[in-house]
Amino acid sequence: MNEEPILQVTFFRSETGREPVREWLKELAADDRKAIGEDIKLVQFRWPLGIPLVDKLDADLWEVRSRLQGGRIARVCFTVHAGKMMLLHGFIKKTQKTSLQELELARRRRDLWWSG
């Protein structure tokens, strides 16, 4: 792995100062946090990547796809701009297809970050 990261990882911050992805990660078990963190780090140091680890969802919107214990699947939606990987939304996937609600939330946060 490169010694210097290609992307700087940052967390989306709401107008009230909340960091939803960081808060979501803190609620997970340590093993789950570790698995997701390792996947994000891989993206950070080897960008650009594709399937199976990263999938494009929309214009300037991707997801890190993490497999957790017990067959669960986590997704962290992110955007990339000017060398930054902005973590927008994280969730445990409950259906085969990413729900429109999850996708719309990530899009809104992406648009807020890009417009700010």
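Just so you know, residue 1 is the first one in the sequence shown, and it goes up from there. Everything numeric here is computed off the predicted structure, so don't read it as measured data.
Applying the 6.0 Å contact sphere to NZ of Lys34 captures no more than 12 heavy atoms from other residues, nucleotides or ligands.
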For residues 6-13, dump all side-chain donor-acceptor pairs below 3.5 Å to protein atoms at least two apart in sequence or in another chain.
{"residue": "Arg13", "atom": "NE", "partner": "Glu19", "partner atom": "OE2", "Å": "3.4"}
{"residue": "Arg13", "atom": "NH2", "partner": "Glu19", "partner atom": "OE2", "Å": "2.8"}

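In terms of hydrophobic clustering, with Ile, Leu, Val, Met, Phe, Trp and Tyr side chains grouped at heavy-atom distances under 4.5 Å, Val43 and Ile73 are assigned to different clusters. At a threshold of 4.5 Å between side-chain heavy atoms, the hydrophobic network of Ile, Leu, Val, Met, Phe, Trp and Tyr places Leu105 and Trp114 in two separate groups.
The CZ atom of Arg33 sits 10.5 Å away from atom CD of Glu27, with the distance rounded to the nearest 0.5 Å. Atom CZ of Arg107 and atom CD of Glu102 lie 12.5 Å apart (nearest 0.5 Å). To the nearest 0.5 Å, atom CG of residue Asp111 and atom CG of residue Leu88 are 9.5 Å apart. Between Asp39 atom CG and Ser66 atom OG the span is 3.5 Å, to the nearest 0.5 Å. Met86 CE to Asp60 CG: the interatomic distance, rounded to the nearest 0.5 Å, is 13.0 Å. With rounding to the nearest 0.5 angstrom, the CD atom of Glu15 is 7.0 Å from the CG atom of Leu112.
Residue pairs meeting the salt bridge (charged side-chain N to carboxylate O under 4.0 Å, His left out) criterion with at least one partner in residues 74-95, sequence neighbours excluded, are Glu63-Arg75. Counting only residues at least two apart or on different chains, no ring pair (Phe, Tyr, Trp, His ring centres under 6.0 Å) pair has a member in residues 19-43.
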ask   = Hey, mind stepping through Thr79 and Trp113 against side-chain hydrogen bond (donor to acceptor under 3.5 Å, both in side chains) and telling me if it holds?
value = CA-CA 9 Å; Thr79 190; Trp113 187 62; over 6 Å; no
request  = Output, in order, the C-alpha distance, side-chain angles, deciding distance and verdict of salt bridge (charged side-chain N to carboxylate O under 4.0 Å, His left out) for Asp55 and Arg65.
outcome  = CA-CA 8 Å; Asp55 195 14; Arg65 304 158 60 133; 3.2 Å; yes
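With sequence neighbours excluded, the residues satisfying side chain to side chain contact (heavy atoms under 4.5 Å, CB included) with Asp32 are Leu28, Ala29, Leu68, Arg72. When the salt bridge (Lys or Arg N to Asp or Glu O under 4.0 Å) test is applied to Arg109, no partner is found at least two apart in sequence or on another chain. Arg67 meets the salt bridge (Lys or Arg N to Asp or Glu O under 4.0 Å) test with no other residue; sequence neighbours excluded.
Looking at Val21 and Phe78, their side chains never come closer than 4.5 Å, going by heavy atoms from C-beta outward. Met85 has its side chain out of reach of Trp47: every pair of non-hydrogen atoms, C-beta onward, lies at least 4.5 Å apart. Counting heavy atoms from C-beta on, the side chains of Phe91 and Thr98 come closer than 4.5 Å. Put simply, the side chain of Trp62 does not reach to within 4.5 Å of the side chain of Leu57, judged on heavy atoms. Residues Asp58 and Arg110 meet the side-chain proximity criterion, which asks for heavy atoms closer than 4.5 Å.
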